[in-house]
Number of protein chains: 2
Amino acid sequence: MDPNTVGFAKHDHDHCISDAITAADRMCRDAGLQLTPVRKRALSILLEEHRALGAYDVLARLSEEGFGAQPPVAYRALDFLTKHGLAHKIERLNAFIACAHPNELHTPAFLICTTCHAVAEAETDPSHSLLSQIAETTGFTIARAVLEAEGTCPNCREKADK
Amino acid sequence: MDPNTVGFAKHDHDHCISDAITAADRMCRDAGLQLTPVRKRALSILLEEHRALGAYDVLARLSEEGFGAQPPVAYRALDFLTKHGLAHKIERLNAFIACAHPNELHTPAFLICTTCHAVAEAETDPSHSLLSQIAETTGFTIARAVLEAEGTCPNCREKADK
DNA sequence: CGCTTGATGTAATAACATAACGTTTGAGGC
DNA sequence: GCCTCAAACGTTATGTTATTACATCAAGCG
Ligand SMILES: [Zn+2]
Ligand SMILES: [Zn+2]
Ligand SMILES: [Zn+2]
Ligand SMILES: [Zn+2]
């Protein structure tokens, strides 16, 4: 994974937004999906903020820009994005975040800093050993899974150590 | 869900309730915690149902039995239970469930059947720690983590195969 | 007793999410 | 070009989940 897209590290932000939008455009075109103005704008809002945003936060931004002002406007756009792997919902926060590596089939793992509220989507071991182990011992067939962890990010930890 | 199943397997349910309550009593006594009537009753409600219950479901049961009827009554009892490892919140369902193996320090992994809505708390192999791998590569310090998986339980799968 | 602390109770409200229904839009068939 | 249909969009209303704020009560302690 490109270290510049890891959540707690600095990176070329303008570039990461435009790249992500371009990739989303192509993905939707290829899959026959409509990345409509609201949906595209919702995605770019998530990318701009680069943290988990509540549906109502996104809604406020959208409505400022002339889109509808009612909750379903935001929820529908976010549903589309999450359904097609362009964003994730972080259940613990009731909030949404742009996917850090779309296109790849993956089990997201979120690291939520309880100090600064940054959220990073970590890369998980592609062997998925934990999941397959669970599936094997329980007989459960896993369709989707998500790991959510709370703790302290490297930046906040450094400050705390001083 | 068949109330006699936990983890998707049948078991002696009356026994598992009384055992769990006894263990919770001892744990709280040893730790200097107050397992008050509301808290104990909230735990036993979760154990009786043996599935994920919403806070308002628990509240309804509690208020029927003479406890307070306002949301904080349930939320406070559930907060106590989750804080001290006697129950977990399943974020994906906004629901609570009694812990299947309290006393042990663990990262719970929930298997949520999308067909019958049963929820099992899987054992995870601590040696296999996906978490420490993530912590190491990202520099993030993990305080608490939870894995939530959706899929099909063995019972529902068997039925579907027919 | 007077003080503190933790538990409980209530009212009010905030935050999050969906149901239901009408209107608009645009691709594909004629 | 025009019709039709399905998907997307918009709004109103409502449902669900969770918290804030504040009063009361009982236990522990000088
Ligand atoms: Zn960025
Ligand atoms: Zn931080
Ligand atoms: Zn049981
Ligand atoms: Zn099932």
Side-chain angles (χ1 to χ4, degrees), chain A residues 24-25 28-43 45-46 51-84 86-97 112 114 117 119 148 150, chain B residues 24-25 28-29 31-43 45-46 51-84 86-97 117 119 148:
Chain A
D25 264 325
C28 288
R29 183 164 36 73
D30 293 350
L33 301 171
Q34 299 182 48
L35 191 61
T36 60
V38 226
R39 291 167 176 177
K40 185 183 282 195
R41 188 66 191 112
L43 176 58
I45 287 167
L46 293 181
R51 61 192 173 90
L53 288 181
Y56 280 68
D57 296 330
V58 174
L59 177 60
R61 300 274 309 263
L62 290 174
S63 67
E64 278 173 9
E65 299 174 18
F67 295 103
Q70 302 308 317
V73 170
Y75 282 104
R76 284 197 286 234
L78 292 167
D79 284 349
F80 173 88
L81 297 174
T82 55
K83 184 174 178 182
H84 298 106
L86 297 169
H88 298 288
K89 180 175 183 187
I90 299 175
E91 299 288 347
R92 178 125 204 165
L93 304 175
N94 293 320
F96 299 82
I97 193 165
I112 305 164
T114 50
H117 302 110
V119 177
E148 296 183 5
E150 278 187 355
Chain B
D25 264 324
C28 288
R29 182 165 34 74
L33 302 171
Q34 299 181 47
L35 189 62
T36 60
V38 225
R39 292 168 176 177
K40 186 184 282 196
R41 188 67 190 110
L43 176 58
I45 287 167
L46 294 182
R51 60 193 174 88
L53 288 181
Y56 281 72
D57 295 331
V58 174
L59 177 60
R61 301 274 308 263
L62 290 173
S63 66
E64 279 172 10
E65 300 173 17
F67 296 104
Q70 302 306 317
V73 170
Y75 282 104
R76 284 196 286 234
L78 292 167
D79 283 349
F80 173 87
L81 296 174
T82 55
K83 183 174 180 182
H84 298 105
L86 298 170
H88 298 288
K89 180 176 183 186
I90 299 175
E91 300 289 347
R92 180 124 204 164
L93 303 176
N94 293 319
F96 299 82
I97 193 166
H117 304 109
V119 177
E148 296 183 4

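Lettering of chains follows the sequences in order, A, B, ..., and the numbering in each one begins at 1. Basis for what follows: all heavy atoms, side chains included, without hydrogens, waters or symmetry-related copies. For clarity, every value in this text was computed on a predicted model and none was experimentally measured.
Note on Arg76(A): a base of the nucleic acid sits closer than 4.0 angstrom, heavy atoms only.
The side chain to side chain donor-acceptor pair (under 3.5 Å) test applied to Arg39(A) returns no partner, not counting sequence neighbours. Not counting sequence neighbours, Gln70(B) has no partner by the side chain to side chain donor-acceptor pair (under 3.5 Å) test.
To the nearest angstrom, C1' of dA7(C) lies 13 Å from NE2 of His84(B). With rounding to whole Å, Asp79(B) atom CG is found 16 Å from dG6(C) atom P. Atom CZ of Phe80(B) is separated from atom C1' of dG6(C) by 12 Å (rounded to the nearest Å). Taking atom CG of residue Leu78(B) and atom C1' of nucleotide dA7(C), one finds them 15 Å apart after rounding to whole Å. Regarding Ile90(A), its CD1 atom lies at a distance of 19 Å from the P atom of dA15(C), rounded to whole Å. The CZ-P distance, from Phe67(A) to dT25(C), rounds to 14 Å in whole Å.
Side-chain N/O atoms of Gln70(B) include one lying less than 4.0 angstrom from OP1 or OP2 on dA11(C).
The nucleotide whose nearest atom lies closest to any side-chain atom of Val38(B) is, among dA12(C), dC16(C), dT8(C), dT8(C). Closest contact between the side chain of Val73(B) and the listed nucleotides dC16(C), dA7(C), dT10(C) involves dT10(C).
Minimum heavy-atom separation, Ile97(B) to Ala52(B): CD1-N, 4.1 Å.
Heavy-atom distances to DNA chain C give each of Gln34(B) and Asn94(A) a nearest nucleotide, and the one nearer the 5′ end belongs to Gln34(B). Across the interface with DNA chain D, nearest-nucleotide mapping of Gly54(B) and Gly68(A) shows Gly68(A) to be the residue nearer the 5′ end. Comparing Thr36(B) and Pro72(B) along DNA chain C, the residue whose closest nucleotide (by nearest heavy atom) sits nearer the 5' end is Thr36(B).
Two residues are said to be in side-chain contact when any heavy atoms from C-beta on lie closer than 4.5 Å; Arg29(A) and Asp25(A) fail this criterion. Using a 4.5 Å heavy-atom threshold, the side chains of Leu59(B) and Tyr75(B) count as separate. Inter-residue side-chain proximity for Leu46(A) and Leu78(A) is flagged as met; some heavy-atom pair is nearer than 4.5 Å.
Note that CG of Asp57(A) is 11.0 Å distant from CG of Leu62(A), once rounded to the nearest 0.5 Å.
Side-chain atoms of Tyr56(A) come within donor-acceptor range of the base of dA17(C), with a qualifying N/O pair under 3.5 Å.
In 5' to 3' order, the nucleotides of DNA chain D bounding all contacts with chain B (an atom under 4.0 Å from a heavy atom) are dT17(D) to dT20(D).
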